[in-house]
Amino acid sequence: MNFHQKLPIPKDIKQQYPVTEQMANVKKQRDIELKNIFEGKSNKFLLIVGPCSADNKKSVMDYVERLRNLQEKVKDNIFIIPRVYTNKPRTTGEGYKGMLHQPVPTQKPDMLEGIIASRDLHMSILNEYGFSCADEMLYPDNLRYFSDVLSYVAVGARSVENQQHRLTASGLDVPVGMKNPTSGELSVLMNSIKAAQIGHTFIYRGWEVDSSGNPYAHAILRGYQDPTGRAIPNYHYEDILTLNELYQKSNLENPAIIVDVNHSNSGKRYLEQIRIARDVLYSRNQSKKIKTIVKGLMIESYLIDGCQKPDGNTYGQSITDPCLGWEKTEKLIYEIADTLNK
């Protein structure tokens with residue numbers, strides 16, 4: 001390894017790029033609303049929606065502005081958290097790894113610039129549109145750079161078995177979604193949630209720290225792969241009831257499931273997200289247990305349908321996994337709101 005530069009500690013970055021009191025208050029209020037959903041105090045349906053990867057500030061801000069206007073129209077029964085993923089796991093290690101690595105996808109990585117660009121994007125969204133967002137905890141040590149601007153954190157399918165991810169999740173004060181592993185083993189998923197919900201003493205960023213546990217750690221169903229690599233969905237009625245039964249046998253707090261309608265649930269066929277969302281809502285309407293435990297959906301969406309290569313020049317189109325375009329997204333969210341009203 002070649003050592004390029006010593007990065008500033010998160011405290012220094014936060015002091016150099018501070019949130020305002022107003023921004024902090026907006027996030028605090030949104031955190032309360034979100035926790036009320038997981039505690040069952042609010043019946044609002046959660047939508048974590050946005051690009052597969054946040055690759056360009058201008059197009060992401062354009063997308064979030066539209067999302068803000070839409071949120072106002074469906075606020076009675078839907079709570080939207082923009083999906084602003086600034087770092088991306090890559091199965092083979094190839095491809096665009098996110099703004100945190102490359103603030104400009106076509107340029108060489110610069111981690112300090114990436115940290116600043118990622119924080120600037122989250123702060124701009126919070127300041128201009130009143131949205132605190134979701135990001136993925138790909139690197140646990142980096143999370144502190146953004147902990148004051150995020151209201152939701154996801155742990156990916158390839159990270160959910162990792163001890164440091166579980167321990168770090170136990171020390172967060174916002175909901176953390178634990179995705180089922182790529183193997184689909186629900187026992188692994190439940191163990192990860194339990195580990196995140198209890199307190200620990202561990203090493204973090206060179207410190208000995210302790211955590212009190214995160215009662216808002218919960219499950220995300222994203223499908224899985226069989227030994228041949230074939231995508232197997234797990235969003236169906238029976239799948240949700242099976243996970244609900246495991247929850248009932250546990251002593252976990254705030255049982256909750258978010259259904260990721262893309263990834264292995266859709267086989268990365270992005271248009272299938274619409275059908276899968278409808279299927280999950282139908283299941284909620286057929287079973288009180290499912291309606292109680294399924295708190296929301298995760299949807300991959302951007303301005304333009306599909307995807308392009310990282311060096312593509314189509315404004316607002318994903319450079320990682322394919323996404324629903326804005327028109328289809330808007331129509332789907334209105335449809336979800338109408339279904340929830342019935």
Side-chain angles (χ1 to χ4, degrees), residues 26-52 54 59-85 122 125-135 150-152 154 174-175 177 218 220 235 256-262 265-266 270-286 290-305 316 323-342:
V26 169
K27 173 178 148 46
K28 182 179 179 180
Q29 183 57 44
R30 282 178 57 79
D31 288 352
I32 292 171
E33 290 187 62
L34 183 56
K35 289 175 181 178
N36 284 341
I37 293 173
F38 283 99
E39 291 177 1
K41 296 177 182 177
S42 169
N43 291 323
K44 288 187 178 182
F45 195 65
L46 176 61
L47 293 181
I48 304 164
V49 55
C52 175
S59 57
V60 171
M61 293 290 285
D62 186 349
Y63 176 89
V64 173
E65 181 179 16
R66 302 183 193 196
L67 207 59
R68 176 78 266 173
N69 293 332
L70 183 55
Q71 170 68 99
E72 289 302 310
K73 297 175 182 178
V74 298
K75 62 183 179 182
D76 289 343
N77 55 13
I78 289 177
F79 186 83
I80 292 176
I81 296 184
R83 175 190 160 104
V84 181
Y85 280 24
H122 279 294
I125 292 171
L126 182 58
N127 184 48
E128 295 185 32
Y129 302 120
F131 269 139
S132 48
C133 301
D135 206 336
L150 298 177
S151 282
Y152 187 94
V174 297
H218 59 276
I220 300 177
Y235 64 85
I257 297 170
I258 301 295
V259 177
D260 179 345
V261 298
N262 211 15
N265 270 331
S266 69
Y270 69 96
L271 292 174
E272 285 292 281
Q273 293 185 100
I274 299 170
R275 180 189 60 79
I276 294 168
R278 292 169 178 166
D279 193 292
V280 174
L281 289 170
Y282 180 81
S283 294
R284 288 180 87 249
N285 287 336
Q286 301 306 306
I290 293 178
K291 187 172 185 177
T292 299
I293 199 167
V294 174
K295 302 296 185 180
L297 302 174
M298 184 174 284
I299 303 169
E300 289 196 318
S301 155
Y302 211 175
L303 297 177
I304 303 296
D305 282 337
C323 298
L324 284 179
W326 175 254
E327 290 183 3
K328 294 183 178 68
T329 300
E330 183 180 40
K331 183 177 180 180
L332 175 60
I333 293 176
Y334 279 133
E335 181 180 331
I336 291 171
D338 288 343
T339 302
L340 293 171
N341 281 329
K342 293 179 181 178

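Reckoned from all heavy atoms, side chains included, excluding hydrogens, waters and symmetry mates.
Under the rule for a ring-ring contact (aromatic ring centres under 6.0 Å, His included), the partners of Phe38 that lie at least two apart in sequence or sit in another chain are His218. Among residues two or more places apart in sequence or in another chain, the side chain to side chain contact (heavy atoms under 4.5 Å, CB included) test is passed with Lys331 by none. Under the salt bridge (Lys or Arg N to Asp or Glu O under 4.0 Å) criterion, Lys27 pairs with Asp31, not counting sequence neighbours. Annotation: salt bridge (Lys or Arg N to Asp or Glu O under 4.0 Å) contacts of Asp135 (sequence neighbours excluded): none. In this view, Phe131 satisfies the ring-ring contact (aromatic ring centres under 6.0 Å, His included) rule with no residue, not counting sequence neighbours. In this structure Glu330 satisfies the salt bridge (Lys or Arg N to Asp or Glu O under 4.0 Å) test with no other residue, sequence neighbours excluded. Legend: residues meeting side chain to side chain contact (heavy atoms under 4.5 Å, CB included) with Asp62, ordered by chain and number and at least two apart, are Arg66, Leu303, Tyr315. Checked against side chain to side chain donor-acceptor pair (under 3.5 Å), Lys28 has no partners two or more places apart in sequence or in another chain. Residues meeting the side chain to side chain contact (heavy atoms under 4.5 Å, CB included) test with Ile304, sequence neighbours left out: Thr314, Gln317. Under the salt bridge (Lys or Arg N to Asp or Glu O under 4.0 Å) criterion, Lys73 pairs with no residue, sequence neighbours left out. Every ring-ring contact (aromatic ring centres under 6.0 Å, His included) that Tyr63 has, sequence neighbours left out, goes to Trp326.
Pairs passing the salt bridge (Lys or Arg N to Asp or Glu O under 4.0 Å) check and including a residue from residues 290-301, sequence neighbours excluded, read Arg83-Glu300.
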